[in-house]
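Okay, so here's the structure we're looking at.
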Amino acid sequence: MSGDVMEIALRRGFINPSYEIYGGVSGFYDYAPLGAALKKNLEDIWRRYFVVEEGFFEISSPTISPEDVFIASGHVSNFVDPLVSCEKCGSAFRADHLISAALDIKTDGLSFKELDKLIREHKLRCPDCGGKLSEVYSYNLMFKTYIGPGRKKVGYLRPETAQGMFILFPRLYSFYRKKLPFGVAQIGKAYRNEISPRQGLIRLREFTQAEVEIFIDPKDKTHPNFSRYAEEKLRLLPQEQEDVVELTAREAVERGIVKHEFLCYYLVHTQRFLLELGIPYEKLRFRQHLREEMAHYAADCWDAEVRTQRFGWIEVVGIADRTDYDLKAHEKHSGVELRAFRQFPEPIKRRRLVLEPKMSKLGPEFKRLAGKVAEALKELPESEVERFAEQGSVEISVAEEKVTITREHAEVKEVEETITGEKFIPHVIEPSFGIDRIFYCVLENAYYQREGKNVLRLSPRLAPVKAAVFPLLNREELVKVAREIFDEVKRAGILALYDASDSIGRRYARVDEIGVPFAVTIDFDTLEDETVTIRERDSAQQVRVPRGEVAEILCDLIEGKKSFPELLS
RNA sequence: GCGGGUGUAGUCUAGUGGCAGGACCCGAGCCUCCCAAGCUCGUGACCCGGGUUCGAAUCCCGGCACCCGCACCA
């Protein structure tokens, strides 16, 4: 029963619907005490994989951006749905889809007014019931706000953390000492004003993303550490295919199923991360996006999907080759160069013809345009320069005006230049994680029942509470020692709970239900020989250890330096 | 956003117009020498707002939330 794990999550303080005392708002959840701790641990494990191990750094950018950012990224225009609803039956439709289906025309790029006009002109009716259709209205999934007083400066809550990293490219490029590839990571909140969020943590209006943007040279999509993962198996569901195929990373790339090593490296890396969280290999697959479902920026995209009992296959990670889409868009919109430099193995020497503008002529004749004319002349392709050399004139357009340039204005010169390299816009590989969804999958997979009792089989690293300290009985002499040990454990940095109420069995059951991996029990032997027992959650087995070493042993167990079976022998 | 269903303690639930009950959980105490034992006592709820009625958890209307289906999820 998968419902049970959500019941525990609610009852034991992992998550709860937000704003309950005011009736609740769908699409928002609080991480309650244990949930917040678990989420933090999950994020820390993510950091191990995608920041520390990869040699990347993490940044944190604002959640509110001026609209320029999302005009450039395409979210202002592409993140909008033109909707119409039927005034009779109430069904809502995408206006553009409805028109293109009914009239068999393309609706790409039409404005809302144009869509509206088409509906009126052709007297389109509701395809369901034939009722009258409302006006076309827009629905943008971004939350809009205003920056500062007044309504002049429009801002949006970011719908993804990615843009914050793209727009930092020049700074990051120099931070990484102008060498590609490099990656930058961010864990943070993102916001989408979903029309109707459902399914609890699976579709939230405010959610946590963990994203990495790796900037690479598009001419080299090999990965330096690919060989390390080449023989790892992946369950792949390629485009237009019904069934999962199991291939090694090497086979997937060699057969061209996954486009290149870089993408494939991150499929494997992502898989290793999800396995560490306790998600079983058989419940994992990578599904390639279909051409038509690919986001407006992506060249290739694979989703890591996890099979859940409650929701079926759900997407938890998207691993996309975003190409140069974003940097290109921001370069165009901002006017700031967002490029890297690629040095040639050997400098190229060559002679070539260039036009040298004569400013003394250009200035008086073209006045304000003169500067732009000169710039255009310098950038004229060599073939054009050659024609100019032959014909003595060329027509160029500057600031939407056509001007004719003759020998008076510019002189053809032959120069020898040494080209040491070239500039280019990097491509971006982006693994993007839905932390809330992964959180759900972790809980669902950790949950099982043992003799009718609930247990969360969370790894020590994930578990929100690492240890519990119990006196066997609620007796003064045991309580005193137990309290001392509890303090020692906490001072060692271990998040622990103390409990002396009810029977020892009940206390074990209580902590099993919230996934506490280890319980230290102080009994009457402790008073004799200064030893205590450590009980491991999953096996329910116990080992006796000197009380002075408890904190240290727990640390080793939690960090995985020692395993419990080792301790037993 | 549309249609259908549901909303009673922390959780699960009984209650179909007449004093809102139970189980588990939780708290205090007793008991208890290792896996949800027992006993005593205790805290705690009708989603919100309006209407009908002498009287509403119950009937009606509106809102909110959740579940299912449709649409949406670049």
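Remember, predicted model here, so these are calculated numbers, not experimental data. What's counted below: heavy atoms across the whole structure, side chains too, no hydrogens, waters or symmetry copies. Below, read A as the first sequence line, B as the second, and so on, with proteins coming before strands; counting in each chain starts at 1.
With rounding to the nearest 0.5 angstrom, the CD1 atom of I425(A) is 6.5 Å from the CG atom of L327(A). In this structure, CD1 in I522(A) is found 11.0 Å from CZ in R483(A), a value given to the nearest 0.5 Å.
Among residue pairs with one or both ends in residues 470-479 of chain A, none qualify as salt bridge (charged side-chain N to carboxylate O under 4.0 Å, His left out); sequence neighbours excluded.
Partners of Y498(A) by ring-ring contact (aromatic ring centres under 6.0 Å, His included), not counting sequence neighbours, listed by chain and number: F486(A). Contacts of Y156(A) classified as ring-ring contact (aromatic ring centres under 6.0 Å, His included), with partners at least two apart in sequence or in another chain: none. Every salt bridge (charged side-chain N to carboxylate O under 4.0 Å, His left out) that R285(A) has, sequence neighbours left out, goes to E305(A). Annotation: ring-ring contact (aromatic ring centres under 6.0 Å, His included) contacts of F311(A) (sequence neighbours excluded): Y440(A). Residues that satisfy the ring-ring contact (aromatic ring centres under 6.0 Å, His included) test with F14(A), not counting sequence neighbours, are absent from this structure. Applying the salt bridge (charged side-chain N to carboxylate O under 4.0 Å, His left out) test to D538(A) and every residue at least two apart in sequence or in another chain returns nothing. Listed by chain and number, the residues in a side-chain contact (heavy atoms from CB on, under 4.5 Å) with E315(A) are D303(A), R437(A) (sequence neighbours excluded).
Rounded to whole Å, the separation between the C1' atoms of A45(B) and U58(B) comes to 16 Å. Taking atom P on both nucleotides, C26(B) is separated from U11(B) by 14 Å, rounded to a whole Å. Atom C1' of G10(B) sits at a distance of 13 Å from the matching atom of G27(B), rounded to the whole Å. Between C39(B) and C59(B), the two P atoms lie 38 Å apart (nearest whole Å). Here, U53(B) and U13(B) have their C1' atoms 29 Å apart, quoted to the whole Å. Comparing the C1' positions of G62(B) and U52(B) gives a spacing of 15 Å, expressed to the nearest Å. The separation of A37(B) from C46(B), taken at their C1' atoms, amounts to 34 Å, rounded to a whole angstrom. Here the separation of A9(B) from A20(B), taken at their P atoms, is 16 Å to the nearest Å.
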Item to check | Sequence-aligned protein contact record of nucleotides 62-69 of chain B, with B where the base is within under 4.0 Å of a protein heavy atom and S where only the sugar-phosphate is | outcome: --SSSSBB
Checklist entry - What string of B, S and - do you get for nucleotides 30-36 of chain B 5' to 3' if you count protein non-hydrogen atoms under 4.0 Å? => result --BBBBB
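Per the geometry, CG belonging to N193(A) stands 13 Å off C1' belonging to C72(B), to the nearest Å. When rounded to the nearest whole Å, the span between CD1 of I8(A) and C1' of C26(B) equals 17 Å.
Checked by atom type, the side-chain pair R544(A)/T531(A) shows a donor-acceptor distance below 3.5 Å.
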Solution key, residues 27-38 of chain A side-chain donor-acceptor pairs under 3.5 Å, sequence neighbours excluded:
from   : atom 1 : to      : atom 2 : distance (Å)
D30(A) : OD2    : N16(A)  : ND2    : 3.3
D30(A) : OD2    : S18(A)  : OG     : 3.2
Y31(A) : OH     : D436(A) : OD1    : 2.6

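If you check A9(B) for Watson-Crick or wobble pairing at under 3.5 angstrom, you find it has no partner at all. Nucleotide G49(B) has C61(B) as its partner under the Watson-Crick or G-U criteria, with both atom distances under 3.5 Å. Of the nucleotides present, none pairs with G55(B) by Watson-Crick or G-U wobble criteria with both distances under 3.5 Å. For C2(B), the paired nucleotide is G69(B), the pair qualifying as Watson-Crick or G-U wobble because both relevant distances are below 3.5 Å. Nucleotide C26(B) forms a Watson-Crick or G-U wobble pair with G42(B), both donor-acceptor distances falling under 3.5 Å.
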Listing time: all N or O pairs from protein to nucleotides 4-13 of chain B that are below 3.5 Å?
from   : atom 1 : to    : atom 2 : distance (Å)
U11(B) : O2'    : E7(A) : OE2    : 2.7

